[in-house]
Each structure stands twice: as C-alpha cells, then as structure tokens.
Peer 1: 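Mind having a look at this structure? Questions to follow.
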Amino acid sequence: MPYVSSFRNTLARVGPGALAGLLAAFAALAAAELAAGLARPAAGPVTVVGGAVVDLAPAAVKDFAVRTFGEDDKDALRLGILFLLALSAAGLGVLSLRHLRAGAAGVLLFGAVGAAAALSRPDAAGLGDALPSLAGAAAGAATLCFLVARRAGAPPDGPAGSGRGDWNRRGFLTAAAATAGAAASAGALGRTLADRHGQDAAASRNALVLPPPASPAPALPAGAQLKVPGISPFTTPTRDFYRVDTALAVPRIDAGTWRLRIHGEGVTRPRTLTLGELLARPLVERDITLTCVSNEVGGPYTGTARWLGVPLADLLREAGVRPPSQGGRSDQLVARSADGMTLGSPVEELMDGRDAMLAVGMNGEPLPFDHGFPARMLVPGLYGYVSACKWITDMELTSFDAYDPYWVRRGWARRAPVKTQSRIDTPKPFARPAAGPVTVAGVAWAQRRGIIRVEVRIDDGPWQDADLAAPTGADTWRQWTYRWEAAPGGHTLTVRATDGTGRVQTEERTRTVPDGASGRHSVFVTVPQTTGRPARGPAGAPPRPPDNRTAVQPSLKE
Ligand SMILES: Nc1nc2c(c(=O)[nH]1)N[C@H]1C(S)=C(S)[C@@H](COP(=O)(O)O)O[C@H]1N2
Ligand SMILES: [Mo]
C-alpha cells in the first residue's frame, strides 16, 4: 500500500514538528495567561485579539455572527481564534524542522500582533498591556527551540542534528509531556490570579445595599401578567435577560473605586460622582422594556426588568446642561464605558420627561456584572446601542456633527427610536398543536408610545383582535393572547400591533441594519389530521395519539 506508507512517512517527518508547534502555542498562551493574571486579565492575547476582531468587523459581519451564534457569538469567536492559532502553530512547527529561526520568528510575530492589539484597545491601561502577548511569544519561541533543536527521530536523509544528538522518540515524547504539564500549571495559576482580580469587585457588589426608591414603580394592575404556558413573563427574570455587548472579558468594576465624570460642551458645572453620591440621591424605580437593534423580527433580544436608578435629566440639569429646544449647545450625549465602548444618545430625548436613568438596580438587586455593574444608562424608547451604556464611566456632552460613537462608525444609524413590534411566543415554529382550541400568545412593544391593539391573522384570513393584558404604561411590552380554533392542516399565524398613536406595525420588511428590523412575525404550524372518531378504548381513557405522531418536524432552536 504505497499510499499508506507514504502517508506514514510524511506523518513521521512532520508529526513531531506539528506537535512541537502546538505545544509552543500552548506554552505561549499559558505564559500569557499567567502574565495577564499578574497584571491585567483584560490584556490577555485572546481577549485583545478577539476585541480587535469585533471592532474591525463591519456591521454586516456582526449581524451575521449574532444571527448565527446568538449569545454564543463570543465563544464562537474565541474558538475561531484558537483554531487559527493552532493551525498556524502546527505550520510553524513543521517549518521549524528545517528553518528553526524562521519558525521562532513566526512565533514572535504572533506575539507582536497580540501586543499591537493590546495597545490599540480603547481601554488599554498602558504599555504594560503588551506584556502578556510578549511574554507568551517568548515562552512559545523558547519552547519551540527546546523541542525542535534536537529533532525526534530525525529522518535518515535529513541534515544531522545540532550536535547534542537528536531526541529519540521516547525522549521527545517525555519532553513534550513535560512541556504540556508545565504550561497547564502556568495557565491554571494565571486563571486563579485573574479570578482574584474580580474578587474585590464581587465583594463590593455583595456589600452594596440599594436604598429604597423615592418613587417606586407603580403596582402592576391585576391582569397585567398572563399565565399562559410558553408566553414571555411580563418581568424577564434577570438570568434570562438577553445580553448584547462587545466585551470578551466582562468588566468587573470595584464599586468603591468607580467614578462617573460629566463634562463637555455646555456643561457649566462639570463633576465627578462616586457611587455613594449617586445612591444618596432620590431614586426612581420603573418597569422598562429594553430592546436591541439587532433583534430580528420574532427575535429574542428584548426583555423587561424593574430598574432602579437616578433620573438622568436631573443630573444633567444640575451640571448646567439644557436640551437643544431650550437653547442647549449640545445635542448628543456620548457615554463611555470602562471597556472603551461609546454610545451616543440625543440630549433632547434624555430631558423630555421620559424615565431616562442611570440605573444601579435590576429586579431588586444591584446590576449583575453582565448588565453593567455598578451603573448603566437606560432610556425608554431608544434601542440599547444608542442609550443603554453598561459599565459607564464618562458622559460627554457634544453634538451629532462632532462625534460618531462606536456603532455609528460601523454603519448603524445615529438616531434609533424603537420600532413597533410584536412576537408570537407560542406556539413555536413548526409546532404540531392538536386540532381544537389553541392559545396563541406573545408580547408586543412600542416603547414611549405603548400598545393599544394586537391582531392575529390565520393564513390569509381577516385580522382578528387578540386579548390584551392590562396596560402597564407606554414603556413596557404588553402580553396578548388569542384563542384559535385550529383545524387540521398547515397554517401560518401572523401578528401585528398598533401603537398608542394609532399607527399599525408596518408590514414592510427591513433588515436590522441600520436602525432596527421591521415587518411582521409569523409562525408556521401543522395541526395533525384527526380521525374524527373518538379512540376506542376504556371509557375515560385519553384518545389514541394520531398515527403520524412520530413524523414530528424538528422544531427550530429559538
Ligand atoms: N459598555 C457597553 N455597553 C453596552 C453595549 C456594549 O457593547 N458595551 N451594548 C449595548 C447594546 S447594543 C444593547 S442592546 C444593550 C444590552 O443590554 P443588556 O446586555 O443588559 O441586555 O447594552 C448596550 N450597552
Ligand atoms: Mo443592541
């Protein structure tokens, strides 16, 4: 079998090189992890390179990633980076068998790329951020030299070894195993150190006691929370609340050292606030639905929580800011976060009387780290990317002409009020509900305008009114249900909402880029044929399931 033997030969020739390359990469990552753990976890090479990739990706790519991987997009990115790194490392290892210097130089080049990415991050803390990548590269190059300088099972036709004699197979494998072990220990130590960084922040969050609101959320009227299986609960439990951000390492900020600076055009009294100063102010508590501009029609990136915070308009007024309609000099507030994100909100809307706030609490607890601890912005009626800055540290008053924030530079709209939308939560796409009465249910939202009507259409039939949950204000979504007499066959259920201005949700389909998806959500279901005869069997026994029960179509992942 000439094929097999030539494959074996090739493997015997390049295998040790590829293995040495992979081990060099492993040692590099572990050393970098250790250095990052000692210095700054957010400066780790995978985090900074991933961050740079996220930032360089155009809107369409981000949109694709969110659509394809959903909230796993960051894990997908991390895996992608590690995969490419492993591939390159194996290649460099093989190259090293003949040209060790070139291979080692390649490893150092990767380190340089990591260092450059680290220094170019908007939240870079200084030159020290280059250290993890450089330390990693040095460890990687050294590992490669150690494993390759004396080559395992050097081919008889190859040049002679370096004079110290080649590894025999056993020696090489022992050295490889020792390298792997040392790298694993270093990496684990780095992880432990990195975790310690977050512990002060976690302790400060655990110690935080939120004061009661001066203005509590209005009590939910009876009938505002429908108990239909499969419907989104009115208040989204915090653990189920969607998360959308670019942070590969979630900022863990110590509440004690956190500061918020307010400054810029037209700010006559610039100031820097501590969390204590914020919490000493009268707090408001409100139920508000937050929606992401990346939410597709029928998508999951929207949720309602009970938020506690400081009214933003008061803070701004005290700083001397006036809205443009009252002669104010700035029409855009640019919020900056600890991780270097920038979001731009219209000053007019922040001060028009809506419950725009600097939130510190979510569903009765301090904000979780994932959702912006210790403070974030929240503005009813605006998509998150133009309003909801998490881990906020800085508010600068400027103008839309003078500054384009992060997402705007990537093709998204400068101004983005939430579009009227409605969603069918149940039945799920491709469900097979039994014939007879079926409860169709979901939520509809049009923050600031409210929802006054929801209608459902079966196939091409007439629009029929759904029953609405009791109203809870214009800034929250509204649950709805519709009782459908399901007849056997395939059916398309479609929903549309009417907002408080009387405008019906448009049927015109648009993509999420640049200012949010529009169009109507519909769900296709199949109602299985029934025989029409009650199943034979003992009296009171449930009817036999229809024969085609096993032919269930796979239901799509939500
Ligand atoms: N610092 C920071 N804040 C951010 C973002 C981000 O990437 N970084 N994403 C914004 C977007 S696009 C949305 S939709 C909301 C989501 O908030 P959540 O993750 O708490 O649901 O946060 C906003 N605030
Ligand atoms: Mo978003």
Side-chain angles (χ1 to χ4, degrees), residues 42 47 50-51 53-55 57 59 62-63 65-67 70-71 73-74 77 121-123 232 235-253 258 260 288-296 299-309 333-345 356-363 365-395 405-413 416-419 421 445 447 477 511-517:
T47 302
V53 171
V54 170
D55 288 359
K62 180 232 175 197
D63 205 42
V66 170
R67 240 181 310 127
E71 296 191 48
D73 55 350
K74 294 186 188 72
L77 175 61
R121 300 306 301 142
D123 60 335
S232 303
T235 302
T236 312
T238 302
R239 66 175 179 283
D240 296 338
F241 205 95
Y242 81 90
R243 175 185 159 208
V244 170
D245 56 56
T246 59
L248 281 147
V250 172
R252 292 170 84 85
I253 299 172
W258 178 82
L260 173 67
I288 297 169
T289 299
L290 176 62
T291 305
C292 181
V293 71
S294 294
N295 194 50
E296 308 265 348
Y301 302 131
T302 180
T304 302
R306 181 156 285 193
W307 305 94
L308 176 76
L333 181 150
V334 172
R336 281 194 181 76
S337 71
D339 63 330
M341 170 56 64
T342 53
L343 292 83
S345 313
M357 64 167 88
L358 204 53
V360 292
M362 179 180 190
N363 292 336
E365 286 182 3
L367 292 175
F369 289 111
D370 280 357
H371 295 289
F373 183 83
R376 72 174 306 167
M377 271 177 56
L378 205 71
V379 185
L382 303 182
Y383 285 120
Y385 86 103
V386 289
S387 69
C389 185
K390 305 193 276 190
W391 315 294
I392 189 170
T393 57
D394 188 291
M395 295 200 285
Y406 185 91
W407 293 113
V408 174
R409 273 180 264 145
R410 286 159 180 79
W412 299 80
V418 174
K419 296 179 179 177
Q421 266 298 341
W445 60 90
Q447 290 92 314
W477 60 19
R511 300 285 317 277
T512 55
V513 188
D515 63 354

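Just so you know, residue 1 is the first one in the sequence shown, and it goes up from there. First listed ligand is number 1; within each ligand, the first listed atom is number 1.
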Peer 1: Would a 4.5 Å heavy-atom cut-off, applied to side chains only, mark Val334 and Met395 as touching?
Peer 2: no
Peer 1: I'd like to know whether Asp515 forms a salt bridge (Lys or Arg N to Asp or Glu O under 4.0 Å) with Lys419, so could you lay out the CA-CA distance, the side-chain angles of the two residues, the decisive distance to 0.1 Å, and finally the verdict.
Peer 2: CA-CA 9 Å; Asp515 63 354; Lys419 296 179 179 177; 3.0 Å; yes
Peer 1: Does a salt bridge link Asp245 with Lys74, judged by any charged N lying under 4.0 Å from a carboxylate O?
Peer 2: yes
Peer 1: Who are the residue neighbours of ligand 1 when the rule is a heavy atom under 4.0 Å from any of its atoms?
Peer 2: Phe241, Tyr242, Arg243, Val244, Asp245, Thr246, Leu290, Cys292, Ser337, Asp339, Met341, Leu343, His371, Arg376, Gly384, Tyr385, Ala388, Cys389, Lys390, Trp391
Peer 1: I need the Asp370 CG to Tyr242 OH distance, nearest 0.5 Å.
Peer 2: 13.0 Å
Peer 1: Inspect the contact between Asp55 and Arg121 and indicate whether a charged nitrogen and a carboxylate oxygen are less than 4.0 angstrom apart.
Peer 2: yes
Peer 1: Between Trp307 and Phe241, is the ring centre distance below 6.0 Å?
Peer 2: yes
